[in-house]
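Inspection log for the structure reproduced underneath, given as structure tokens.
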2 protein chains.
Amino acid sequence: MYFYYMLEQIRQLLPQLSPSEGRVAQWVLNHPKEAAGATLAMLSRECKTSEPTVLRFCKRVGLGGFRELGIRLTEALSNPLSYVHRDVGPDDSSSDAILKVMDASIQSLIDMRAGLSSMPIDRSVAILKKARQIALGGLGASGHVAGDACHKFFRLGIPCSTLVDTPTILQFAAIAEANDVLVLLSHTGRWPEFATAARLATARGATVIAITNPDSELAREASVLFPCPVIEDTSIYTPMSSRLAQLALLDALYVALALASGEQAADRLRISKDALRRQAV
Amino acid sequence: MYFYYMLEQIRQLLPQLSPSEGRVAQWVLNHPKEAAGATLAMLSRECKTSEPTVLRFCKRVGLGGFRELGIRLTEALSNPLSYVHRDVGPDDSSSDAILKVMDASIQSLIDMRAGLSSMPIDRSVAILKKARQIALGGLGASGHVAGDACHKFFRLGIPCSTLVDTPTILQFAAIAEANDVLVLLSHTGRWPEFATAARLATARGATVIAITNPDSELAREASVLFPCPVIEDTSIYTPMSSRLAQLALLDALYVALALASGEQAADRLRISKDALRRQAV
DNA sequence: TGTCAAAATGTAGTAAACTTTCAGAAATTC
DNA sequence: GAATTTCTGAAAGTTTACTACATTTTGACA
């Protein structure tokens, strides 16, 4: 449970409230979000009491009036204590669960940011800048990350493709040439085909950039490694927030590459943005 | 640069507002704290205009009424601003640029978290729970977001598909049936085909959930709206960090839906996770 | 420059909101 | 069991949010 200032205040005053006022307090504690947007009439009806009683409740918890209750409640609800991640369980209320998911996502980005300085971004940029073509490979959720990244990189004018299944990845690796870059995204890095593909591509003189678990076969075979720790999904409800971090990492890589590519790339970006603006996304 | 969800929304819309409405916007931006607690009369007096003008301003920035402005503003003001984003320029060093991109991503998630309580998640869950099938539509970067979301939702056992081009979206809308849900993702909401699709689908009794700019044709046609502010890309280098927020939003929606769907859905999730674990991602 | 349509703005009115007053009911005290 | 205090809601008073409509302003075009 999160610590909300206003709600805690109410909880503490709960015992010394009169029965009717107590009902109001209880309802507010149980439905803080609804209470924040409710009107005096709605709230009094919900608590089976009269409007003045609700108002007296407000005064008693130290507020100037009913209107202030709404303000304090929205304040309390949108003020996170920290983004410490706890797993979602089946007993969580919907709004609790949502906040937990969100916090986990934020935390994973914060973690990524902290580790960014030790990532081989400069090396990757140097390699990507000379690339004849870039292929991004990933399965499942990572496939979507690869697709998103491809959609960014191609705007720099570099031939770019997405590979979302193992046969295609293997085929690409088998015919790769020098200056081709294969970016492989894998959560655990344990699909044996990925390591094979990395070996094949490297043997043909191509470069393999892996964004994966550092303790894996794929990580060992890759030319450049972006280490991403494996987050064990302790709860079945938790979506993989690590993919958000991967997306952000690729964003960062893209921007670094765009900057390194100078005016020509900047022009291409301008042109491609204008093309969209003339329509509307 | 954008710190606050609501305030940034107002700032972005500032240029296309009429003079009087512009004065209101300016005053709100300059005195957000006061504006959050103000009454309609106070605000209109302060901006030397009439009450309806203030109200029109509220509608135009995507709010339901004046009361909502107060709520959104207190929300915006009470969330901590840490990851201050500045735009990436061509003179930035590579490492500076990377951190800026990362900060922008984190900030967009924080903003999304702050605005989450006012999103129609519960309504959406109720609708999705009864859905015969879910189709997620989006173009360009939004298409990848749609794909990612589809990849999550189908695990709950709901027939699910991704639509990444306008003809397909229109066709789906044209043959949609009651209890079909069409989720449309659009950055600006200004592709006329999206609004048409929404209208078509609604006419056939299907439900349209839009994740888009609240000031758009699509937003008006949708049955359920998740308002997302349009972030103008002031710099050609800046990637759209809003899509990360959209991903996280869909994560939240997914978890809420999973929880609401009870044991049967939980079982499906367990089974699908096990299927992967026996291999390796 | 004049005409007209569209946009912008304000006036006036209304329904609903918030707040206060007051009197009766319930609990407590003596 | 009467007196006192506390609790409660009906009703009335004020303010607020919103709507409909009228007026003004703007801008396009002849």
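Because the structure is predicted, anything quoted here is derived from the model rather than measured.
- Atom C1' of nucleotide dA17(D) and atom CD1 of I71(B) are separated by 13 Å, given to the nearest angstrom.
- Here dA17(C) presents its P atom at 8 Å from CD of E51(A), a figure rounded to the nearest Å.
- Proximity of S20(A) to the phosphate of dC7(D): no side-chain N or O atom is located under 4.0 Å from OP1 or OP2.
- Between T53(B) and the phosphate of dT9(C), there is no side-chain N or O to OP1/OP2 separation shorter than 4.0 Å.
- Side-chain proximity of P19(B) to the nucleotides dT19(C), dA8(C), dA17(D) is greatest for dA8(C).
- Phosphate contact (OP1/OP2 of dT8(D), side-chain N/O of S18(A), threshold under 4.0 Å): present.
- Among dA10(D), dC18(D), dG10(C), the nucleotide with an atom closest to any side-chain atom of P52(A) is dA10(D).
- Rounded to whole angstrom, the span from the CZ atom of R56(A) across to the P atom of dC7(D) amounts to 9 Å.
- At least one side-chain nitrogen or oxygen of T49(A) sits closer than 4.0 Å to the OP1 or OP2 atom of dG9(D).
- Here the P atom of nucleotide dG9(D) and the CG atom of L40(A) are 13 Å apart, to the nearest Å.
- K59(B) has a side-chain polar atom (N or O) that falls below the 4.0 Å cut-off from OP1 or OP2 of dT19(D).
- Side-chain N/O atoms of E21(A) and base N/O atoms of dC7(D) include no donor-acceptor pair closer than 3.5 Å.
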